[in-house]
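Chain letters run A, B, ... following the sequence lines, proteins first, then strands; residues in each count from 1.
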2 protein chains.
Amino acid sequence: MHLLDYFLNIHFKRSQGCFAIFGFLDCPMKKKEKITIHDIAMEVGVTASTVSRALNNHPRISPATKKMVLEAAKAINYKPNRIAAALRHGKSKLIGIIVPTINRNFFSSIVRGIEEYANARDYKVMISQSYDDYKKEVETIDALLDARVDGIMVSLGKNTHSFAHFESVIQKGIPLVFFDRTTDELDVNQVIIDDYSAAYQATNHLIDQGYRHIAHFTSHMKIKIYLERLRGYRQALLDNGIHFDAKMVVESNMQLDGGRNSARFLLDQSFGFDAIFSASDYAIVGALQELKKNKVKIPQEVGLIGFSNEPFTEFTEPALSTVDQKAISIGENTAALFFEMINGDPRPKPRIKKVLDANLIIRTSSSRIPNIQLNTNSTNPE
Amino acid sequence: MHLLDYFLNIHFKRSQGCFAIFGFLDCPMKKKEKITIHDIAMEVGVTASTVSRALNNHPRISPATKKMVLEAAKAINYKPNRIAAALRHGKSKLIGIIVPTINRNFFSSIVRGIEEYANARDYKVMISQSYDDYKKEVETIDALLDARVDGIMVSLGKNTHSFAHFESVIQKGIPLVFFDRTTDELDVNQVIIDDYSAAYQATNHLIDQGYRHIAHFTSHMKIKIYLERLRGYRQALLDNGIHFDAKMVVESNMQLDGGRNSARFLLDQSFGFDAIFSASDYAIVGALQELKKNKVKIPQEVGLIGFSNEPFTEFTEPALSTVDQKAISIGENTAALFFEMINGDPRPKPRIKKVLDANLIIRTSSSRIPNIQLNTNSTNPE
DNA sequence: CCAGTAAATGCAATCGATTGCGCTATTATA
DNA sequence: TATAATAGCGCAATCGATTGCATTTACTGG
């Protein structure tokens, strides 16, 4: 207590010229008098009800009054208290977003899409990360419910194999939209890209480039996107008369190390693969590193395609072909779906599933045949 | 209207078995009866005041009552309404974060640090992105104020050269903490890394490796971090008896293209540079690409070091040396500062500035001399 | 000139939790 | 055995905005 007093004393002495020395930092003199609609009411000479209605452009308030109120509000720098409003009409104007991680171009772009769409409609977003951890995802749902969000948008974590935590959201009647990493075990609106078609195109492109022994990197099969990508890969092979070999499908965590290990595995098994279509950009970079370490020439000996168009795919040597998932568009559509749910008529609707098209981006890692059709400099396949 | 009716009609017909066919989707029958402390009060046979106090572990409530209340709360699945509480005691338990973009490992890691620290203390975070756009930054501040956040943590946008929008935050007495991209024009608590020292180390390392004509990539000088990095670079040169040449400092937007252009510029001017220390990883990747395109050998002919330890620096060929900024730690310290501000005694304190150490990460792009001290294979400097 | 209607605004309750003050018992002190 | 203190809990106001209903004023038609 002595010591404390000592310090406080010093502070007190030094801070007698509060404004001069310490500026505004915690300066007790600067009392934040909150201004409410009542202050406006006083100013204009009406009641708070009228002010509230004027501010909300209620039809029963005369234009003259509205004008006065608006002006007074501006004059005294009024800021509506969203919390009070939220309490009254039960809407927080907050949207909760759960993504595995925002530290991915794909997800942060989706978030941006949602954010812009929502902000334009006077809604704000709360972003949470599940870090692909099931427990954290459950907690996060709870936290968002706690925060009284008006809706929740989710991309599932990789380890999420049970969906009970979403039932409470649904039961509370809170709009729920899934995007990208979804499940069919829940009857919920969703926005996805056409993973099947994208994978089909990617695989087809590899075949066009003369690759015939195409491996596939995938992740846990509970998540639909990986299943779909596998399906597209498989179908493209079959449609081109190429045997589908389950041994060529390698499962991993789809991170850098997973990709490295998977590539190592392929090399060790000597299946004679000449291309990899990976469901993740991270894994394909890992593979690229491992292959280069083993003096495998890309794309001459092995062709590579990733998935997601992460920025670094442009920076590798050679640049990696990949699939652009139109992340911003996914975000916008997800948000749009939410607003449809809260604005549309409340009668039950069948589940909506928006499927967007993806874009194959062809770079060097899969371009064995010169894109110009001259045969001059073309390296012959194999 | 006809068409609409038609659809609605169909829906209606199909949805008579609401639960059976459509499940819970917007099903009007599932009314969410909100449960409040009054319900608990009724259950236990006390008043809402007592329930509230029991829930908040107030000392004046008997242990017996507390137990009953807690049990009843659990039993009827009570969830406190944060909004009501927020309205009452003026605390939203929300923290607003503004970063230029979350789509960067550095920033998203900081956010993670803040988030975890805050969540552990029952606070939630709202993340907003300024996209390095001044106007957006101003709007965002406003939006956070609107949402009645209890505190704001900011990393400045690159184009932010005026700070008036923060004055309103300060005037309202809302704790404000800057991190990483800060300014000294505002008297605000801040958490930064020792950019000067990091830059000094990086430059020194290049010199150790025998590079003598070291260029520097930088950005707008209004942002302190870039100034500090420049200072560190300069001092390291001087301390090693190397002439500091302003011509070797190249300014750009610090993105990929900026880095490319800057490298192009250096090549064109033929200053005879043999290394680049860039204040951004993105710019150094651009430079790397441009140099490789011109058959410049890295690190034999030119050494490179970036800044931030973005994940892709590991993926390039060769892997890039860079500076790890301990992002998570920055986040934690930023959050900690906020809690100090709201918990500490309200008397004015002098501004706090936490300076954390950064870590030089040495990879191939700057390693001309084998790290083992044998002279056998060592390429001689110059 | 009056009933009748529409337009414009006020009154007061409400959303759910918190909290200062006050009222009883119960226990401690003299 | 008083008196004082204290523990345990209820009353009612409060936070700021919203809103159903009531009220007042103005205006129209007959």
- Task: For B/Ser52 and B/Ser49, test the side chains for any donor-to-acceptor distance below 3.5 angstrom and give the result as yes or no.
- Result: no
- Task: Determine whether the side chains of B/Asn119 and B/Lys124 contain a donor N or O and an acceptor N or O closer than 3.5 Å.
- Result: no
- Message: Return the OH to NE2 distance between A/Tyr134 and A/His165, rounded to the nearest 0.5 Å.
- Response: 5.5 Å
- B/Asn56 atom CG is separated from D/dC9 atom P, nearest whole Å, by 15 Å
- Query: If you pin B/Ser49 and A/Thr50 to their nearest nucleotides in DNA chain D, which one's is more 5'?
  - Reply: B/Ser49
- Are A/Arg112 and B/Tyr131 in a cation-pi setup, meaning NZ or CZ lies under 6.0 angstrom from the ring centre and within 45 degrees of the ring axis? yes
- Message: Reading DNA chain C from 5' to 3', where do the contacts with chain B start and stop? Cut-off is 4.0 Å to heavy atoms.
- Response: C/dG16 to C/dC21
- Task: Evaluate ring-ring contact (aromatic ring centres under 6.0 Å, His included) for A/Tyr123 paired with A/Phe339, printing each intermediate quantity in order.
- Result: CA-CA 10 Å; A/Tyr123 272 70; A/Phe339 284 101; 5.2 Å; yes
- Task: Within residues 60-82 of chain A, find the residues that approach DNA chain C with a heavy atom at under 4.0 Å, and present them sorted by residue number.
- Result: A/Arg60, A/Ile61, A/Ser62, A/Thr65
- Task: Please step through side chain to side chain contact (heavy atoms under 4.5 Å, CB included) for the pair A/Glu332 and A/Ile114, ending with a clear verdict.
- Result: CA-CA 5 Å; A/Glu332 289 167 346; A/Ile114 296 176; over 6 Å; no
- Query: Any chance the rings of B/Phe178 and B/Phe166 have centres within less than 6.0 Å?
  - Reply: yes
- Can you tell me the distance, in whole Å, between the NE2 atom of B/His38 and the C1' atom of D/dG10? 12 Å
- Starting from the 5' end of DNA chain C, give me the residue, A/Ala48 or B/Arg53, whose nearest nucleotide shows up first. A/Ala48
- Output for pair (A/Met68 CE, A/Lys66 NZ), nearest 0.5 Å, gives 14.5 Å
